[in-house]
Amino acid sequence: MFADDAPAKDIKTPRINPEIWHNGEFIKWDDARVHVMSHVLHYGSSVFEGIRCYDTKRGPAIFRLREHMRRLMNSAKIYRMDHEFTLDQLCDAAVGLVARGSLEQCYLRPIIFRSLDEAHPAFGVNPFPNPLVCYIGAWDWGKYLGDEAIEEGVDVCVSSWNRLSPNSMPVMAKSGANYMNSQLIKMEAIKNGYSEGIALDDRGFVSEGSGENIFLVHDGRVITPPLSSSLLPGIPRDCVIQTCRDLEMPLAETGLQRAALYVADELFFTGTAAEVTPIRSVDKIKIGTGKRGDITARIQQAFFEITKGERPAPGEWLTYVKEAKSSVAPPSNNGHGNSAPTSQTVPNAIEPEVSESFLTVGTE
Ligand SMILES: Cc1ncc(COP(=O)(O)O)c(C=O)c1O
């Protein structure tokens with residue numbers, strides 16, 4: 001029908017953590033199954049997080065764990081998911097999962113979703129009769145947009161799909177259902193030969209990538225769209241905002257027209273998966289010199305040094321798993337035994353200083 005040489009599958013098999021945390025217990029990967037009639041499969045009723053754990057000189061360190069788990073709890077609250085887990089329990093669970101496994105670096109995927117009560121099945125849209133479950137899985141995930149992307153940058157397009165409008169689906173919540181919109185953006189980009197798509201909001205202002213926030217550099221000023229442009233309050237986005245303050249780079253959160261992308265000196269994406277990835281072209285228009293710009297390089301370097309624990313962060317951004325190990329149950333004799341839910345706090349995690357940008361819509 002049409003030339004179709006875009007890769008259909010992610011062909012790299014990642015290293016996977018053999019255990020999954022489930023409702024307070026560690027279970028084997030193979031035992032983490034759901035019923036095909038689960039509410040989440042039919043109606044998209046899940047909220048989730050993506051968290052990176054970095055390999056540092058002090059062992060694996062989970063990046064901005066509490067902020068991620070707090071966003072997960074906020075997402076659940078928005079969707080009226082009255083689960084029983086506390087912030088400390090979720091943080092402990094993530095630390096425990098990494099501590100019990102052997103991955104020195106990994107990507108953690110906590111998810112809360114509406115499952116199926118097989119004794120009292122409910123199949124309607126109404127989510128309330130369906131039990132809530134929480135899982136955390138982990139695997140080793142390389143560079144999301146490709147190994148070369150970090151230096152060379154990526155070629156992207158402006159998507160023909162708009163980002164969700166705030167009163168249809170709240171993008172402030174990281175829900176599984178939002179990612180149907182992301183998938184449309186991503187598939188269109190891939191099929192047209194681009195690495196990623198940038199969505200506009202419902203008014204035509206720049207919003208974000210299918211899985212990343214976006215920053216623009218113009219005349220030495222770093223600019224990112226405000227939350228009112230229907231974007232996820234990204235945690236790396238917040239890191240870059242705070243890092244710009246540290247590096248004394250002027251920064252603004254303000255609405256951006258699509259055309260501003262084309263005439264930017266530099267553009268880059270931020271995201272837990274994408275980290276800080278330069279953009280070298282948009283819609284086949286070269287951005288700046290077509291190479292990673294100086295300001296992007298400085299921000300990227302600071303970001304990677306912070307995540308590796310080699311540079312002081314503006315807050316307690318790393319949870320060192322080995323140093324927090326005493327708070328989690330060791331593996332049982334069979335190597336995959338279940339343990340009681342952990343309730344202790346992560347010793348070296350402190351209540352984060354959350355920038356206003358997490359909740360405010362920014363300036364226009
Ligand atoms: C749509 C979208 N925007 C932004 C981001 C970046 O934010 P964070 O890495 O904090 O999840 C992501 C990351 O998954 C995303 O999916």
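Hydrogens, waters and symmetry mates play no part in the numbers below; they use all other heavy atoms, side chains included. Owing to the predicted nature of the structure, the values given are computational and were not obtained by experimental measurement.
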Checking E188 against S160 for the side chain to side chain contact (heavy atoms under 4.5 Å, CB included) test, could you report, in this order, the C-alpha distance in whole Å, the side-chain angles of both residues, the deciding distance, and whether it holds? CA-CA 8 Å; E188 181 186 59; S160 69; 2.4 Å; yes
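Residues meeting the salt bridge (charged side-chain N to carboxylate O under 4.0 Å, His left out) test with R52, sequence neighbours left out: E275. Residues satisfying the salt bridge (charged side-chain N to carboxylate O under 4.0 Å, His left out) test with D140, not counting sequence neighbours, are R15. The salt bridge (charged side-chain N to carboxylate O under 4.0 Å, His left out) test applied to R163 returns E208, not counting sequence neighbours. Residues satisfying the salt bridge (charged side-chain N to carboxylate O under 4.0 Å, His left out) criterion with R311, sequence neighbours excluded, are E305.
The side chain to side chain donor-acceptor pair (under 3.5 Å) contacts involving residues 118-132 comprise D117-H120, where partners must be two or more places apart or lie in separate chains.
For E196 and K186, the salt-bridge test passes: some basic side-chain N is under 4.0 Å from an acidic carboxylate O. Salt-bridge check for D88 with R66: passed, with a basic side-chain N closer than 4.0 Å to an acidic carboxylate O.
If you look at F113 and F48, their ring centroids are not closer than 6.0 Å.
Between S230 atom OG and R203 atom CZ the span is 7.5 Å, to the nearest 0.5 Å.
Side-chain contact check for Q242 and D246: no donor-acceptor pair (N or O, by modelled atom type) lies under 3.5 Å.
Grouped by direct or indirect side-chain proximity (heavy atoms under 4.5 Å, Ile/Leu/Val/Met/Phe/Trp/Tyr only), M187 sits with W161, L184, I185.
Ring geometry, F303 versus F63: the interplanar angle exceeds 60°, so the pair is classed perpendicular (tilted spans 30 to 60°).
For the pair R100 and F26, the cation sits on the ring face: its NZ or CZ lies under 6.0 Å from the ring centre, inside 45° of the axis.
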